[in-house]
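Sequence positions, counted from 1, serve as the residue numbers for this chain.
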Amino acid sequence: MPFPELSALPGDTSMRYGMGTVDASGRVAERTVVRSLSWQQGDRLQLRVVANVLVLRAEPLGQTTVVSGPYVAIPAPVRIRVGIRVGDRVLLAAAPAHEVLLVLTSAVLDVALVSFWQRQ
C-alpha cells in the first residue's frame, strides 16, 4: 500500500504532536499521539525511512507492532540507520486523517530549523 502524500498539512488542529524517549528495546512512550491514530496493541505497522524521517502506517504485513501502552516499537536496524540511541528524545507527529505517524530525530529537527531560519 502506498503511503499518502503529506504535501500540505491540514490547517486545523488535527495534527497531534508529542515528544517521547526511546527505551532500550526501541519503544517510544508517547501515548496521546499514538492513541490519536486509534491503533491498538498488536496492530502491525509498515515502517519506511524517508529523508531520515520514520513514517509508520497500519499495515497487516508490517514489520513492527503497536505494543502495550500503546507504544510504537522501532526495530534496532532502523534505529541504527537513522541514528537513534537509547534515551534519545524524538518528536512524534500524527496525522490521524492520513493514518500516519512520523518520527523525527533531533538531527532532522535541527536541519529543518536551520533551513527555516536561513530563509528568513
Enquirer: Identify the heavy atoms of Ala93 and Leu104 that sit nearest to each other, and give their distance.
Expert: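 For Ala93 and Leu104, the tightest heavy-atom pair comes out as CB-CD1, 4.4 Å.
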Enquirer: Please list, chain by chain and in numerical order, all residues satisfying salt bridge (Lys or Arg N to Asp or Glu O under 4.0 Å) with Arg27, sequence neighbours excluded.
Expert: Asp23
Enquirer: So Thr21 and Asp88, do their side chains get closer than 4.5 Å, heavy atoms only?
Expert: no
Enquirer: Taking Thr64 for the side chain and Ala73 for the main chain, is one N or O donor matched with an acceptor at less than 3.5 Å?
Expert: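 Side chain of Thr64 to backbone of Ala73: a pair is present.
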Enquirer: Short question: side chain of Glu30, backbone of Val33 - any donor-acceptor pair under 3.5 Å?
Expert: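 Indeed, once roles are kept as given, a pair shorter than 3.5 Å links the two residues.
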Enquirer: Using only atom types and a distance under 3.5 Å, with no angle test, would you say the side chain of Arg79 pairs donor to acceptor with the backbone of Ile74?
Expert: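 Such a contact is found between Arg79 side chain and Ile74 backbone.
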Enquirer: Any non-hydrogen side-chain atom of Leu92 less than 4.5 Å from a side-chain atom of Leu101?
Expert: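 Touching, per the 4.5 Å side-chain cut-off.
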Enquirer: Could you check if a side-chain atom of Val49 sits within less than 4.5 angstrom of a side-chain atom of Arg81, using non-hydrogen atoms only?
Expert: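 They are in side-chain contact.
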Enquirer: I want to check something: taking the side chain as every heavy atom from C-beta on, are Leu47 and Val78 in contact at a cut-off of under 4.5 Å?
Expert: yes
Enquirer: Please identify each residue that fulfils salt bridge (Lys or Arg N to Asp or Glu O under 4.0 Å) with Arg119, with sequence neighbours left out.
Expert: none
Enquirer: Side chains of Val82 and Leu54: closer than 4.5 Å at any heavy-atom pair?
Expert: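 Touching, per the 4.5 Å side-chain cut-off.
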Enquirer: Less than 4.5 Å apart, any side-chain heavy atom of Val72 and any of Val103?
Expert: no
Enquirer: Is it the case that one hydrophobic cluster holds both Val50 and Leu102, taking links as side-chain heavy atoms less than 4.5 Å apart, direct or via other members?
Expert: yes
Enquirer: Going hydrophobic residue to hydrophobic residue with side-chain gaps under 4.5 angstrom, can you get from Val22 over to Val86?
Expert: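 Val22 does not cluster with Val86.
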Enquirer: Step through the shown structure and confirm whether more than 12 heavy atoms of other residues, nucleotides or ligands are within 6.0 Å of CZ on Arg89.
Expert: yes
Enquirer: Arg31 and Val34: side chain to side chain contact (heavy atoms under 4.5 Å, CB included), yes or no, with the steps?
Expert: CA-CA 5 Å; Arg31 294 182 187 128; Val34 176; 6.0 Å; no
Enquirer: Taking Glu99 for its side chain and Arg57 for its backbone only, find out whether a donor-acceptor pair lies under 3.5 Å.
Expert: no
Enquirer: Check Ser36 against Ala94 and note the closest heavy-atom contact, atom names and distance.
Expert: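 Closest approach of Ser36 to Ala94: OG-CB, 3.6 Å.
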Enquirer: Show your reasoning for whether side chain to side chain contact (heavy atoms under 4.5 Å, CB included) applies to Val66 and Leu45.
Expert: CA-CA 7 Å; Val66 177; Leu45 303 174; 3.7 Å; yes
Enquirer: Please determine whether residues Val67 and Leu37 belong to a single hydrophobic cluster, defined as Ile, Leu, Val, Met, Phe, Trp and Tyr linked transitively by side-chain heavy-atom distances below 4.5 Å.
Expert: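 They do not share one cluster, since no chain of ILVMFWY contacts under 4.5 Å joins Val67 to Leu37.
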Enquirer: Examine Tyr17 and Val111 and state if one hydrophobic cluster contains both, with Ile, Leu, Val, Met, Phe, Trp and Tyr joined whenever side-chain heavy atoms are less than 4.5 Å apart.
Expert: no
Enquirer: Distance from Ser106 atom OG to Ile84 atom CD1, nearest 0.5 Å?
Expert: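 If I round to the nearest 0.5 Å, the distance is 9.5 Å.
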Enquirer: Would you call Trp39 and Leu56 a side-chain contact if the rule is heavy atoms closer than 4.5 Å?
Expert: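 Contact flag for Trp39/Leu56 side chains = yes.
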Enquirer: Does some side-chain heavy atom of Glu59 sit less than 4.5 Å from a side-chain heavy atom of Arg44?
Expert: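 Counting from C-beta outward, Arg44 and Glu59 never come under 4.5 Å.
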